[in-house]
Amino acid sequence: VLHTALCDLLALEHPIIQAGMGPFASAELAAAVSNAGGLGTVGASTRPSLEHLQYELDRIRDLTDRSFAVNHNAVVAGVDPELFERTLAVRPALISFALAPPGDLVERAHAAGSLVMAQVTSVEQAELVAAQGVDIIVAQGGECGGFGGDIAALPLIPQVVDAVRPIPVVAAGGIADGRGVAAALCLGAQGVNMGTRFLATREAPIHEAWQRAILAAQSDDPRKLPEWNDVMPSATGEFPTAPRALTSPFTDALRAGAGVDESRLTLEDAVARGRLGELMPFTGQSAGLVHDIVPAGELVEQLSSEAAAVLLRLAETATAGRFA
Ligand SMILES: Cc1cc2nc3c(=O)[nH]c(=O)nc-3n(C[C@H](O)[C@H](O)[C@H](O)COP(=O)(O)O)c2cc1C
C-alpha cells in the first residue's frame, strides 16, 4: 500500500487526489474517489448557479462519510463571498485554490476547520502561498489539462519541494498511471492531484463525445489556448496561466480571431446552460496515456497498487546491488 504523510494529514488510504475541475468535478465523482480511500474534490468554480453548487455540496455529504475537498478558483471565491460561505458551511477536510494567492481565504478556511491547499505553477508562486500559511502546495506542470503555466512537471516539482520544505507538496500535470504516481513520489511529492485521467471514468459528468475524444487523443492534441484569457479577463488570476483543451468549433474560432465580446457571450451562455465542456473540452497531454473508461474507485486502487509495485521493483533492484 502506498502510504505517505499526506494520507495521515487527510485521513486517506491512498495519496491520490481527484482534482477540482469546476462543473466537471461532481459530487458523484468525488464520492467514488473518497469512498475508495482517495480524496475526491467537488469543483465550486464555473457552476451555472449558486443553487447548483449547493446541490453538489449537499450531495457529497450524503454520498460519503470520508474526507473530501471543495475546490475554488481563488479569484472567484474572493469576488463572490456567498459562494465561499457555502463551502465553509459544509466543513470539507480540505479547501483547494488555484490561479491566485488565496490571501485571507486561508484564515477563513482554517477557522471553519478545513485544511488549505493551493495550486502553483512556479517556485515564486509556491513561496508566496507558503508565506500565506497554506497546509499543502500543488506543483502543477504545464502539461496539465485546464489552466496551467509554462514549466513542465519534471523540473518544477523538485524545485517546489526544496523551496517550501517542510510543507507537503502534491504533484500535478501529466500523471495518468501508477508509473506517474511513483515518479511524483521519487521527485519528493507526497501525493498526486489528477484531472485528465479522472475525466475518463464512469462517474465523470462529461459528455460521451468528450470522453471518446480523450480516448482517441494523442498527447499533442490538447493544446493551449492563450486567446481565452482576453475573452474572460475577470476569471484570469494573478498567476499567469492559459487553458489547455482539445479542439472544438469554439476553440477553432478563437484561434482564427473571433471577436472577444461575441466569444464571451457564447461562453457565458454555455456556462449558464451547463454546456461549457462542449466549447472548452479542457484536457491535458496525459490523454495520450488514457485508453479506457473505468470506475473512479477502481482507478484509485489501481493507481496506488501499480505505483507501489513500481517502487518495490526499484527497491529490489537497488537491494540486489544492481545500482552500484
Ligand atoms: C477539465 C478540467 C478542469 C479543471 N478545472 C480546474 C479548476 O476549476 N480548479 C483547479 O484548481 N484546477 C482545475 N483543473 C486543473 C487540475 O486541478 C489539475 O491541476 C490538472 O488536471 C492536473 O493535470 P492533468 O490534467 O494532466 O491530470 C482542471 C483540469 C481539467 C482537466
Side-chain angles (χ1 to χ4, degrees), residues 16-26 29-30 39-47 53 56 69-77 83 87 94-100 102 116-121 125 129 134 136-149 152-154 156-157 169-177 180-181 183-184 189 191-201 204-207 210-211 213-214 217 219 222 224-225 228 232 235-237 239 241-246 248 271 276-290 299 303:
I16 292 169
I17 303 176
Q18 163 255 316
M21 297 187 281
F24 317 114
S26 61
L29 172 60
L39 188 76
T41 303
V42 172
S45 41
T46 18
R47 289 280 173 195
L53 172 62
E56 292 288 317
V70 178
N71 173 261
H72 281 266
N73 158 350
V75 190
V76 174
L83 205 64
T87 293
L94 181 75
I95 300 180
S96 60
F97 296 103
L99 303 185
V116 174
M117 180 167 92
Q119 183 156 268
V120 301
T121 65
Q125 293 166 16
V129 301
V134 307
I136 303 165
I137 294 176
V138 184
Q140 184 207 42
E143 54 273 72
C144 65
F147 291 77
L154 206 58
L156 180 67
I157 295 160
V169 171
V170 166
I175 302 164
D177 62 19
V181 176
V192 295
N193 183 52
M194 294 168 52
T196 299
R197 183 63 184 96
F198 280 104
L199 292 174
T201 57
I206 69 170
H207 207 274
W210 183 1
Q211 286 193 325
I214 292 172
S219 277
K224 286 227 181 179
L225 186 70
W228 193 94
M232 281 290 184
T236 304
F239 298 159
T241 59
R244 187 185 294 283
L246 289 164
S248 70
V271 169
L276 173 63
E278 290 168 38
L279 274 62
M280 291 291 295
F282 299 104
T283 302
Q285 292 183 339
S286 67
L289 277 166
V290 179
L299 176 61
L303 288 165

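One-based numbering, in listed order, for ligands and for the atoms of each.
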* To do: Consider ligand 1: state whether an atom of it lies below 4.0 angstrom from any non-hydrogen atom of N73.
  =>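 No heavy atom of N73 comes that close to ligand 1.
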* To do: Return yes when S45 approaches ligand 1 closer than 4.0 angstrom through a heavy atom, no otherwise.
  =>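 Checking ligand 1 against S45, which is what was asked, there is a heavy-atom contact under 4.0 Å.
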How far is [atom] from the closest protein heavy atom, and which atom is that?
| atom | value |
| --- | --- |
| atom 28 (C) of ligand 1 | G20 O, 3.7 Å |
| atom 22 (C) of ligand 1 | G173 N, 3.6 Å |
| atom 20 (C) of ligand 1 | G145 O, 3.7 Å |
| atom 4 (C) of ligand 1 | M21 CA, 3.4 Å |
| atom 27 (O) of ligand 1 | G195 N, 2.9 Å |
| atom 16 (C) of ligand 1 | A19 CB, 3.5 Å |
| atom 26 (O) of ligand 1 | G174 N, 2.8 Å |
| atom 23 (O) of ligand 1 | C144 CB, 3.1 Å |

Could you say whether the N/O atoms of [X] and ligand 1 ever approach to under 3.5 Å?
| X | value |
| --- | --- |
| R197 | no |
| A98 | no |
| F147 | no |
| E143 | no |
| Q119 | yes |

* Got a donor-acceptor contact below 3.5 angstrom from the R47 side chain to the V271 backbone? ->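 Not confirmed, R47 side chain does not pair with V271 backbone.
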* Asked: What's the shortest heavy-atom distance between I157 and A189, and which atoms?
  ->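 That would be CG2-CB, 4.2 Å.
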* What is the minimum heavy-atom distance between S219 and P222, and which atoms define it? ->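 Closest approach of S219 to P222, heavy atoms only: O-CD, 3.4 Å.
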* Report yes if some heavy atom in the side chain of L94 is under 4.5 Å from a heavy atom in the side chain of V116; otherwise report no. =>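 Counting from C-beta outward, L94 and V116 never come under 4.5 Å.
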* Asked: Under a 4.5 Å cut-off applied to non-hydrogen side-chain atoms, are M280 and P243 in contact?
  ->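 Yes, at least one pair of side-chain atoms sits under 4.5 Å.
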* Sequence neighbours left out, what passes side chain to side chain donor-acceptor pair (under 3.5 Å) with Q125? Give chain and number order. =>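 Residues passing side chain to side chain donor-acceptor pair (under 3.5 Å) with Q125: T121.
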[X] heavy atoms, cut-off 4.0 Å: which ligand 1 atoms fall inside?
| X | result |
| --- | --- |
| G22 | 5 (N), 7 (C), 8 (O) |
| M194 | 27 (O) |
| F282 | 1 (C), 2 (C), 31 (C) |

* Asked: Does the pair N193 and Q140 meet the rule for a side chain to side chain donor-acceptor pair (under 3.5 Å), with working shown?
  -> CA-CA 9 Å; N193 183 52; Q140 184 207 42; over 6 Å; no
* **Centroid separation F282 to F147 less than 6.0 Å** =>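 Yes; F147 has its ring centre under 6.0 Å from that of F282.
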* **Test log, rule side chain to side chain donor-acceptor pair (under 3.5 Å), inputs T283 and W210** => CA-CA 9 Å; T283 302; W210 183 1; 3.1 Å; yes
* To do: Starting from the C-alpha separation in whole Å, work towards a yes-or-no answer on side chain to side chain donor-acceptor pair (under 3.5 Å) for S96 and N71.
  => CA-CA 5 Å; S96 60; N71 173 261; 2.9 Å; yes
* Candidate with minimal heavy-atom separation from atom 10 (C) of ligand 1, of T196, N71, V138 ->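 Selected option, by shortest heavy-atom distance: N71.
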